[in-house]
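Here is the structure we will look at.
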Amino acid sequence: MTDVADRPNGRRSLHDTDRHTRRRNAAERRFRLYGIAAIATGLIFLVVLLVSIVWNGIPAFTQTFVTLQVELPEEKLDKSGTRDIAVMKKVSTFGYAPLVDAAIAAALAEHGIDNPFDKAKKLRAIVSASAPAQIRNAVLANPELVGTTQEFRLLATSRVDGYLKGRVTRESIARDKNIDAEHLDIVDALRDAGVVQKTFNWSFIFGSDASESRPESAGIGVSMVGSFFMMLVVLALALPVGVAASIYLEEFSTQNRFTDLVEVNISNLAAVPSIVFGILGLAVFIQFAHLPQSAPIVGGLVLTLMTLPTIIISTRASLKSVPPSIREAALGIGASKMQTVMHHVLPLAMPGILTGTIIGLAQALGETAPLLLIGMVGFIASNPPETFVDGFMAPNSAMPAQIYEWAKRADPAYYERAWGGIIILLLFLLVMNIVAIVLRRRFERRW
Amino acid sequence: MSPLWLLIIILVLAIAGFVLGRARALASVDDHRELHSRPTYYGINVAMLAFVPAALVLGAWMLVQPLVINVMVSGMIPEDSYADAGALSLIMSDVRRVADGLDLAVSAGAMTEAEAGSISTEETDIRARLGEVGVALGSNVEPAVLAAAQRYRHLAKTGRAIMSGVVVLIAGAGFFIAYRQTNGQFRARNRVEAGILWLLIAAATVAVLTTLGIFLSLLFNTIEFFRLYPALDFFTRLEWAPSFSGRGGASALGILPLLWGTFYISLIALLVAVPIGLFSAVYLSEYASATVRAVAKPLLEVLAGIPTIVYGLFALLTVGPLLVSVFGEGGLLGVGWMQGGTAVMTAGLVMGIMLIPFVSSLSDDIINAVPQAMRDGSYGLGATQSETVRKVILPAALPGIVGAILLAASRAIGETMIVVLGAGAAARMSLNPFEAMTTVTAKIVSQLTGDADFASPEALVAFALGMTLFVITLGLNILALYIVRKYREQYE
Amino acid sequence: MKDNLEGRKLVDQMDVKFKARDVQVFYGESQAIKDVNVDILDKTVTAFIGPSGCGKTTFLRCLNRMNDTIPICRVEGDIRLDDEDIYAPEVDPVQLRARVGMVFQKPNPFPKSIYDNIAYGPRIHGLARNKSDLDDIVEDSLRRGALWDEVKDRLGEPGTGLSGGQQQRLCIARAVATAPEVLLMDEPCSALDPIATAQVEELIDELKQNFSVVIVTHSMQQAARVSQKTAFFHLGNLVEYGDTDHIFTNPVDPRTESYITGRIG
């Protein structure tokens, strides 16, 4: 039996701490330190992630251009001299390529730079493979240009672009057969002469994807359109269906087997891996219903089913937060239950519903895995859809799928594009979340 | 008539119904206050009865007709021309392409209707003719296929015609009945509200249908797979080596190496996420001042809002190379454990980062649900804060935290993008966390995005993998929700 | 102030356990306790009575620094336990609370076994040398909590499974197990039925042989039944303090009289 007198900390003064308590306090400090360390680690991860996104992605927003005076000789581009487009079309991009070589050579001569190559063709490695096509398109659009010398801003190749951005170095190209150290010497000189310039890259934001060998002309614009149409589908389907389902569950349903089944399903669907929704989309929408592969409509349908639980959960929460007194007031003056819900409860819950919807859309916008299975990857989104219906039905990519596609390509120049694409994707998500937060702050009612 | 036109017709009928129904109700009484319901409800009632049943029949018909025709036509394909059900479905898709191609050719004006109906394989190169209108066929058209395609066209046309008649008839009947019912005493509002209620119920059913859709699409294809590949081998073989030639049949499709990769990566992810997440939650809810909490909590939750593709890229391009420079050949430690950037460790680490906010916010909720009286009781006895947390709060919150960890585990197991980009493609059962391994989800992606024919075991195995994944995650979720709910009840 | 001085004269020269001088308590800007002076005696039951919100619980929580857990709470003045300032910077509140135990309004057993509930305090303070020592402490505390006979066969069962009155006696036993010198009780019977209340009151009466007990109560009958000294609080002031018999039969202050006769409350 313990007695008051023989306690270890019995009559000891409060003013000196005994050893046991000191040990306990040390443990206390250690524990607190673990907590701080855990939070710090989490925040460090966040910072490292964001820094590596910004650091790697910012270069994608600038692009190296070569400004050249290109001579457009009539004898090569329009032998007949009739300026007949149909005839001029017969000259393929191969016919335009020597013009580029000549223009670079001319620029070198003008600025007094040595041309180390004996073959004119070798100079071509400085500009993108898309350059002849660019000149050809300009000529076909305006045949009057033939016979004059025009200034063109041509994309530099990804190697030159990378060299100016510091990604490509003289060491790294040692075994690269696309470009030599001599090219880089020329580029250095041309940059000093102002012929080669790095400027902001609008075509990355608004342009279309390019083939594997031309990373310099790849842009995310078309897949952005694909994402946009998918989000339209999600918004048009998930919002009404989600709200209707929530109204039923929250306002009309009684506790029965059916309601239980729906509740269980919703909470489980919220946790089903997204890839499984991709399998569903593949099996039901493509194999069974024969909807076109890679089409935003299919992506939209799959993402709708994925987003539905999120919207239902948040809508039910905001319906629940409308106090019963409002319902009683409306019922008390003879409104039917349906009128009460539609005229009073739903409008009051609207800000919460919209907030939940925007957050659901943001989730859907960043989702990638299901899109892989319905064929929105591996497809080169080179043309924007021509009509509104095409926007839904024609094959396209989506932003996250485009990023994945770039990440898989072998050329490191595409990694830069992938990081850049992530910046754009995150900006969209940021804006959506800010809108949701503002909406909540602005309209949230405390009852 | 095309379905779109039918839809427009019944829509027009509905709008007319709205206007006429409303007018008839108003005309039936002297003063509109004598009506049972507001005039609009009478209009909606007529519109609803004209539109909804007809639209439902239209939708159902369009869903069922292809199935029925498929069954009727597939009997025409000689049985000796295909080996199994998979091959039959390939032939049937050829039949549909030919039939659609002929329809397209007629509508594009490249063929007359009579020409399309009498075309034969001997006289015309159908492949070339259809190629002109943009329908590409994989091979020359067999006579049997052409015959089936013609029958298909005929049945489809007849079906369409009957459908048009039936749908218009139903819409008209609905319109007529509702219009006749309309008078001042008719309880239009009650009818309309009942209709809306059914609409709401239908919306709630979507969730059930989605689950059903997932389950059935997994189930049928899984059964199909087990018909081609023994289930016992799938579950017990220690080797994963699909043949790339497609239908070679020499594939080894054992799930165990994939499950091992999945669990190994998830384990590492949890080893990162659980301590960090849990300690963060404890610090934020028990120690942090209001300001620190207001800043740190949302910042940590930013990690949860970042799409998984971003984490995937982060693993592939940042974390992988970083780990190689430490653990790789000639790295900082000079141990040479790691051969390439993609590895179990890479994917697990990044996945762990992704799960930190998941664990911390769930645990935060659960810790906050422990009543203040527990803390007071402990402080009142002279316990320090950490003693209170470790010996009273955490044990009290333990079931909830276990539930949260299970939910996080189910997330980790189902995660796709991080492992596709960060874990590698080789199916391996090794203990070295610095080696590349692969997971169930990664293989679902690679088997369904490759060139393999959908009817081959190499593609169908993805559905069996999906089924396994679905069952595991569903089990974990149900268990977790059950534990969390039990825990909540304890304090209510 | 004058009232307090009057009150102090009534204190006879027994062992003074707590000596409080000019105690002020603030919650943020608002003052909850004003100029409280009181001496609490050893081996005595002292009751704090007064209307709701008068500060009696707040003052009670000052005595073992439980108010430290409320961030906006600020205590000024001088409180001494055995003539040592308990708010001195070098004092560890953890050590203080081991000597000044507390029992709360609502029974709050931990979701652990009965045994672990009792053993919690001795374990964290390192009071037991070994397992059998701990067993002894648990049995002794449960006996003092008048609960031993009811639970001795089911020490492994969760404390939350006991009835309300048993839970509260478990909490008292739990507080007793750390061998405190003072036991603070914040309306310990407010969540209990009359039978359980009677059991707890009986227990308090026994506890006063070893401890100084301070009890906050809403029930004047309870104060009259269990306490030897009574302090009447009103609007944050200690209005009157003295022998319980005296306060209830012959209150000096008119406010005390109004409260006792039921005119304010």
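Note on naming: letters A, B, ... go to the chains in the order of the sequence lines (proteins, then strands), and numbering restarts at 1 for each one.
Around atom CD of E76(C), more than 12 heavy atoms belonging to other residues, nucleotides or ligands sit under 6.0 Å away. Environment of OH in Y482(B): sparse, with no more than 12 heavy atoms of neighbouring residues, nucleotides or ligands closer than 6.0 Å.
Proximity to chain C is absent for every atom of S289(B), based on heavy atoms less than 4.5 angstrom apart. With a 4.5 angstrom heavy-atom cutoff, R61(C) touches chain B only via side-chain atoms. Contacts of V103(C) with chain B are absent, with no heavy-atom separation under 4.5 Å from either backbone or side chain. Of the two parts of P109(C), only the backbone, made up of N, CA, C and O, holds a non-hydrogen atom closer than 4.5 Å to a non-hydrogen atom of chain B.
By number of non-hydrogen pairs under 4.5 angstrom with chain C, the leading residue of A290(B), P395(B), A373(B) is A373(B).
Taking the six-membered ring where the residue is Trp, F110(C) and Y120(C) present perpendicular rings, their angle passing 60° and hence far from 30°.
For residues 274-303 of chain B, every residue pair satisfying the ring pair (Phe, Tyr, Trp, His ring centres under 6.0 Å) rule, not counting sequence neighbours, is listed here: F31(A)-F279(B), Y34(A)-F279(B), Y283(B)-Y287(B).
Inter-residue side-chain proximity for P122(C) and L134(C) is flagged as met; some heavy-atom pair is nearer than 4.5 Å.
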